[in-house]
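First the structure, in the form of structure tokens, and then the observations on it.
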Amino acid sequence: PELPVTGAPSAEHLRKSSSFTVACPGTRQTMPKVSFDVECVPSEAVLLNFLLAKLQRLEPDILIGHDLLGGIVEKLLARMRVRGTSKWSRLGRLVRSKHLTEVFGTSKSMYARASSVSVAISGRLPCDTYIQARELLPKAKDYSLAALAESELKEIVPSFKSKAISNMLSTVDGVTELVGASERRTEAALKLAVHLSIIPLTKQLTNLSGNVWSRTLRGMRAERIEYLLSHEFSKESVSGLVDVKFILPDKLRKSDKPTTGAGTKTTSRRKAQYAGGLVLEPKRGLYDHHILQLDFNSLYPSIIQEYNICFTTVLQDSEEPAKIKLPEASEKEGILPRVLRRLVEQRRSVKSQMKSTKNPLLLKQLETRQLALKLTANSIYGCLGFENSRYFAQPMAEMVTAQGRDTLMKTVELAREKQMDVIYGDTDSLFINTGLTELPMVVAQGADLKKEVNRRYRTLEIEIDGVYVKMLLLRKKKYAAMRIQNLRMPDHLVREVKGLDLVRHDWCDLSHEASEYSLQQILGSGLRPDDAVANILDFLTQLAAKVRGNMLSLKKYIITKSLTKMPEEYPDGTTTPHVKVAFRAKQFGK
DNA sequence: CTCTGGAGCGC
DNA sequence: CGTTTCCCAGGCGCTCCAGAG
């Protein structure tokens, strides 16, 4: 269907051009009333050809679907293989006359599967809402279509387990329900694509980096940065300003790479290769005076600019990579810092344009552009430390994080010189117990430190990120606090919880309820701490009694954990609890 | 008791 | 239109659980 570039697609958009086709072997049963056209065809083979004919007629530029690349296209190809569908290449735009099995062989490797999907739809942009949601909504816990529809679109869409589907297929009512559900799921995926601005955003990202659009749609952040930098280095050599014609590192093939030895896990995360951000030891406790939080804006991109860290300025001595030094102040600005500066300036300009326009369409476009600029700038550091990136430069990545640690440390020192009580900090932030309860004085104290810090740097910039009226600081990366959401409305408080069991999925509902009650008592009740503790103790005692008396539903005890590889691949697979459960589930045929 | 792998968070 | 090549998913810090030794 033709869709607006921005804004939600109306149901009308979908109705107009949507029809569903169902294979009903052996019957010519007319489908009962549904809101769209349904045609019946006699077999799966015909159904597949029907789809291909339709694709050829519509000639779509973009294919949208949830798990389009990892699931939908692959399944279609698998069925076409079984049915010997000859026109399979109509999924894409490259005409192929050979049979599927001849083109793709029978290899089942991850790479072979992914590449057959890419080849099959070549010529059409794959808009996979699953892949994009993972990139654009990193905080989401559940990337199923139903979960995303609920959290992002505030819509309930049906979802079925494969077993339920095969049961439903045996009755007309079941098929009718499935068709209706398919329509709603299709609509949800489409709305999600529009909601996340996937097409306009990936276009912006691609325009910024100069890579191939369909590759941006497949994720592949490192490749985007590779293109961005390669274009930049190439431009530089063409203009003759710097002799960097041959600076491009050749992309190493796997076989050429030095074996990294211990750290070559395939699925789960590898051990850290170098030091990262600094986390201060928290002064634990419950604070009831205003806490001030200051943050460095985009710390790592700023450091690269501040210290002129670039391939052209940092001498990378391959024999002693640990001993490389920061460039001299007199050194000409390198390419990496300049690219970042340009991205930051462009973003600033886009944001100022946004302030002076009221045109909603233009506003939406500018918003998308500023997001693309931000995402690109923030990805660059990550790619310096990424082994498979063409611009992998661990010494430079180490240099960036080392400066980050240094910057935070010096800021803490300065604050302490000013008699401020720094109670915690993580990577780019610090928390100060002001000992005050009057907001204007708290803000003034923050502004004072901010001014002092920012005076020391050209690019690095610290800012007041928040004021909390109450804070429970438990451990590193674990705290809860009541935040003043808007400094102009100091009475409007919002609870913020970081890292506590409450926000983790590997704790059960029962634990979450107990955490919720406790936090409410401590932070939200206005009670004196002693009274809050008494209430909590009371609550927990009663809860324990209920647990011992077996009075609670089993559901409240369920915990969720995921596996990062196939159960067989765990070395001690039969011993770890969640792997044990996986084996048992398999035994029961799930 | 220490150590390690694994998961899931924070930044 | 066919063949060959790419062989690919940004980082580290920290807590907590469970099991091995």
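Proteins get letters first, then strands, A, B, ... in listed order; numbering begins at 1 in each.
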- Query: Taking the side chain from A/Arg215 and the backbone from A/Met220, do they hold a donor-acceptor pair closer than 3.5 Å?
  - Reply: no
- On DNA chain C, check which nucleotide each of A/Ala275 and A/Ser379 is closest to and give me the residue with the more 5' one. A/Ser379
- Would you mind classifying the nucleic acid contact of A/Arg475 as base, sugar-phosphate or nothing, using non-hydrogen atoms under 4.0 angstrom? sugar-phosphate
- If you write DNA chain C from 5' to 3' in dot-bracket form, with Watson-Crick or G-U pairs under 3.5 Å, [ ] for crossing pairs and | for pairs with another strand, what do you get? ..........|||||||||||
- Task: Output yes when a side-chain donor or acceptor of A/Glu306 lies under 3.5 Å from a complementary backbone atom of A/Leu460, and no otherwise.
- Result: yes
- Message: Under 4.0 Å, counting only non-hydrogen atoms across every strand here, what does A/Tyr274 touch: a base, just sugar-phosphate, or nothing?
- Response: sugar-phosphate
- Note on the structure: Testing B/dG8, C/dG13, B/dC11 for proximity to the side chain of A/Tyr479, the answer is B/dC11
- Message: Taking the minimum atom-to-atom distance to the side chain of A/Phe386, which one of C/dC8, B/dC9, C/dC12 wins?
- Response: C/dC8
- Item | Phosphate contact (B/dC11 OP1 or OP2) by A/Lys477 side-chain N/O below 4.0 Å | no
- Would you confirm whether A/Gln204, through its side chain, and A/Pro200, through its main-chain N or O, come within 3.5 Å as a donor-acceptor pair? no
- Query: Any sub-3.5 Å donor-acceptor pair from A/Ser209's side-chain atoms to A/Thr206's backbone N or O?
  - Reply: no
- Message: Keeping A/Asn454 on the side-chain end and A/Ile462 on the backbone end, is there a donor-acceptor pair under 3.5 Å?
- Response: yes
- Task: Classify the nucleic acid contact of A/Phe296 as base, sugar-phosphate or nothing, counting any heavy atom under 4.0 Å across all strands shown.
- Result: nothing
- Describe the nucleic acid contact of A/Gly277 in one word from base, sugar-phosphate, nothing, applying a heavy-atom distance below 4.0 Å. sugar-phosphate
- For A/Ala397, which contact category applies under a 4.0 Å heavy-atom criterion: base, sugar-phosphate, or nothing? nothing
- Message: Near DNA chain B, counting only heavy atoms under 4.0 Å, which residues of residues 421-428 of chain A show up?
- Response: A/Asp426, A/Thr427, A/Asp428
- Are OP1 or OP2 of B/dG5 and a side-chain N or O of A/Lys271 less than 4.0 angstrom apart? yes
